[in-house]
**Q** 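Quick one: this structure, given as structure tokens, is what I'll be asking you about.
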Amino acid sequence: MQKLEVLGANKLKGIVNISGSKNASLPILAATLLSNKKIYLKNLPKVKDIETMINLLKSMGSQIKFDKKDLIINNSKQNKKFASYNLVKTMRAGILVLGPLLAKFGNAKVSLPGGCAIGTRPVDIHLQALSKLGVKYKISQGYVHAAAPKGLIGSKIHFPKISVGATENLIIAASLAKGISILSNCAIEPEIKDLVNFLKKMGCKLKWIAKRSIKIIGVNHLNEASYSVMFDRIEAGTYLIAAAITEGSLKIKNVKPQVIKTEIDILKKIGAKIKVKKSEIHIEGRKKIKSTNLKTAPWPGLATDLQAQMMVLLCKANKKSVIQENIFENRFMHVAELNRMGAKILIKGNRAIIDGNTKFAAAELMATDLRASVSLVLAALTTKGKSLINRIYHLDRGYENIEKKLKKIGAKIRRVN
Ligand code: UD1
């Protein structure tokens, strides 16, 4: 099994080109199922989760080919309505094909998803909301068997809790339903806005009518469409933290800074020097990192997908800090590994109390989920000596060319078998 070997502690310097967003690409790929017309997608990241979603679409009859870096999808012969456990087990976003399959065919059988082990992560909100569009479902042997005998019918849906995936599934499904849907208490993450922009390009009729409410008029005809996916704000945030934590100096390119304003403001607060341009962020890390208290929250709050990385940074702060995790109930799995490296982090419920001034010691480490893995890479980058990170397949699910990008800015990192 492959491992990452990291020799710290270099100051990272140079330019990082940020890739397309994994979390925007996944629902957009699922939404292509709605259409029988050709779809051209640009700026998809080359990461394992995207490969898995492409394989899932192919397994259901989508014809997909690459034209250099772009993807051309032709679903005119797509006819299967079955998403197998084998393809969905590693990736929770597999459930996102349920909405479009029901919209297109009126029935589907989709495996309950896998993904990162960061909580129980049920799909009850997806299913309850779909039932308001006329879907009947049962769960047996790990599969959701769902059917809409009269087709999907537009409805008013108020999500009981903000869920990124459920909002995406319902926005996609309602786009082809009969009549009008109003979805309220929606997640409004930038990736959802990107999905909506893509659907509009295909000819769907959607309009944000309040901060967390969207009106969708179902259509029955879609166009050919070409779309370029937004940048990966979590990758961008990770490299910003890498600069802040190594006293580095980085130019982060291909981004829209206003999309990660919350994270930029946090980094300024802890002492990093940041200049924002139209599509670039320049950051210089400082020796002194000031402690702070953070809470994860739905966008525009601090992204839970950057919580583990922020925690490594706060291990280096001058005083005690607290991070409260408000999205997932079990998202502190990186803490045990960071404590093995010498951090002093105490978990109390959904709060992590982080003693500052940590001098990490190099160690052999175990990656547990996607963002936890990258937090271990960050810790290793600040640490003198050789660290070895196991189970890096988690990293490959979401970070394009991570060791190439890090090497280019001065990290001593390599993949070993
Ligand atoms: C997406 C992102 C993930 C990010 C998360 C929160 C993708 C592919 N993944 O995950 O990287 O960390 O948003 O920003 O885009 N919940 C339920 N029932 C449901 C659905 C969700 O109880 O049916 C709970 C979850 O367990 C969690 C919370 O709601 O505690 C938020 O989850 P959700 O926003 O749905 O996250 P994902 O879409 O899975």
Side-chain angles (χ1 to χ4, degrees), residues 20-31 44-45 47-50 52-53 56 88 90-99 110 112-132 135 137 139 144 146 157 159-173 183 185-195 212 229-230 232-235 237-238 259-260 262-263 295-310 324-334 350 369-375 394-395 397-399:
S21 160
K22 166 180 91 71
N23 284 357
S25 301
L26 289 168
I28 287 174
L29 282 166
L44 296 173
V47 296
K48 190 77 190 154
D49 273 10
I50 299 301
T52 306
M53 183 57 101
L56 175 59
V88 174
T90 58
M91 185 187 68
R92 180 170 163 81
I95 195 69
L96 295 178
V97 301
L98 182 59
V110 174
L112 287 169
C116 289
I118 57 178
T120 49
R121 302 185 86 177
V123 291
D124 54 326
I125 302 172
H126 299 239
L127 297 176
Q128 278 161 24
L130 284 168
S131 69
K132 297 226 167 92
V135 174
Y137 65 87
I139 294 175
V144 181
I157 297 168
F159 292 106
K161 178 177 179 182
I162 292 172
S163 159
V164 171
T167 302
E168 291 167 343
N169 230 338
L170 268 291
I171 285 178
I172 300 170
L183 312 184
N185 202 28
C186 293
I188 51 165
E189 268 57 12
E191 292 77 14
I192 291 178
K193 303 268 172 80
D194 213 41
L195 168 66
R212 291 196 179 274
V229 174
M230 68 174 281
D232 196 308
R233 65 188 169 107
I234 306 303
E235 188 195 25
T238 303
V259 170
I260 45 172
T262 302
E263 288 78 11
K295 283 180 189 166
T296 61
W299 198 83
L302 166 63
T304 174
D305 287 352
L306 285 168
Q307 179 255 106
Q309 300 88 315
M310 286 285 181
Q324 189 170 323
E325 170 56 52
N326 289 325
I327 307 291
F328 291 106
E329 74 267 29
N330 184 21
R331 205 171 201 180
F332 287 138
M333 293 195 318
H334 42 286
N350 70 341
D369 73 52
L370 172 54
R371 308 303 170 185
S373 321
V374 87
S375 77
H394 287 292
L395 270 179
R397 284 186 44 214
Y399 286 90

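Remember, predicted model here, so these are calculated numbers, not experimental data. When a ligand or atom number is given, it counts from 1 through the structure's own listing order.
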**Q** Under 3.5 Å between some N or O of ligand 1 and some N or O of I125?
**A** yes
**Q** When you measure from the heavy atoms of A187 to every atom of ligand 1, does any distance fall below 4.0 Å?
**A** no
**Q** Please state which part of I327 comes within less than 4.0 Å of ligand 1, counting heavy atoms only: side chain, backbone, both or neither.
**A** both
**Q** Short question: side chain of E235, backbone of K22 - any donor-acceptor pair under 3.5 Å?
**A** no
**Q** Does any N/O atom on N23 come nearer than 3.5 Å to any N/O atom on ligand 1?
**A** yes
**Q** Whether the side chain of N326 engages the backbone of A297 through a donor-acceptor N/O pair (distance < 3.5 Å, no angle test) should be reported.
**A** no
**Q** Can you tell me which portion of D124 lies within the under-4.0 Å heavy-atom range of ligand 1? Options are side chain, backbone, both, or neither.
**A** both
**Q** Under 4.0 Å from a heavy atom of D305: give me the atoms of ligand 1 that qualify, with their elements.
**A** 3 (C), 4 (C), 11 (O), 12 (O)
**Q** Consider ligand 1: state whether an atom of it lies below 4.0 angstrom from any non-hydrogen atom of R331.
**A** yes
**Q** To the nearest 0.5 Å, what is the distance between CD1 (I50) and CG (N23)?
**A** 8.5 Å
**Q** Does a side-chain N-to-carboxylate-O contact under 4.0 Å join R92 and D49?
**A** no
**Q** Between atom CD of Q307 and atom CG of L302, what is the distance when rounded to the nearest 0.5 Å?
**A** 8.0 Å
**Q** Can you tell me how far CG of N350 sits from CD of E325, rounded to the nearest 0.5 angstrom?
**A** 7.5 Å
**Q** If the cut-off is 4.0 Å to any non-hydrogen atom of R92, which atoms of ligand 1 fall inside it?
**A** 20 (C), 21 (C), 37 (P), 39 (O)
**Q** Below 4.0 angstrom from a heavy atom of G165, which ligand 1 atoms are there? Numbered from 1 as shown, please.
**A** 35 (O), 38 (O)
**Q** Can you find an N/O atom of E189 closer than 3.5 Å to an N/O atom of ligand 1?
**A** no
**Q** So, is F328 polar-close to ligand 1, with some N/O to N/O distance under 3.5 Å?
**A** no
**Q** Is it the case that ligand 1 has an N or O less than 3.5 angstrom from some N or O of K22?
**A** no
**Q** Could you grab the distance from atom CG of L306 to atom OG1 of T238, nearest 0.5 Å is fine?
**A** 5.0 Å
**Q** Taking atom NZ as the centre, does K295 end up with more than 12 heavy-atom neighbours from other residues, nucleotides or ligands that are less than 6.0 angstrom away?
**A** no
**Q** Geometry only, no angles: is P122 polar-contacting ligand 1 at N/O separations under 3.5 Å?
**A** yes
**Q** Strictly distance-based, threshold 3.5 Å: is any side-chain N or O of T167 a donor or acceptor partner for the main-chain N or O of A187?
**A** yes
**Q** Considering distance alone, does some N or O of T304 sit under 3.5 Å from an N or O of ligand 1?
**A** no
**Q** Below 4.0 Å, non-hydrogen atoms only: which portion of E191 touches ligand 1? Side chain, backbone, both or neither.
**A** neither
**Q** Looking at R233 and E191, is there a salt bridge between them, counting it only when a charged N and a carboxylate O are closer than 4.0 Å?
**A** yes
**Q** What atoms of ligand 1 come within less than 4.0 Å of a heavy atom belonging to V123?
**A** 19 (C), 23 (O)
**Q** Closer than 3.5 angstrom, by distance alone: can the side chain of D305 be matched with the main-chain N or O of I234 as a donor-acceptor pair?
**A** no
**Q** Mind checking whether K161 contacts ligand 1 via backbone (N, CA, C, O), side chain (CB onward), both or neither, at a 4.0 Å heavy-atom cut-off?
**A** side chain
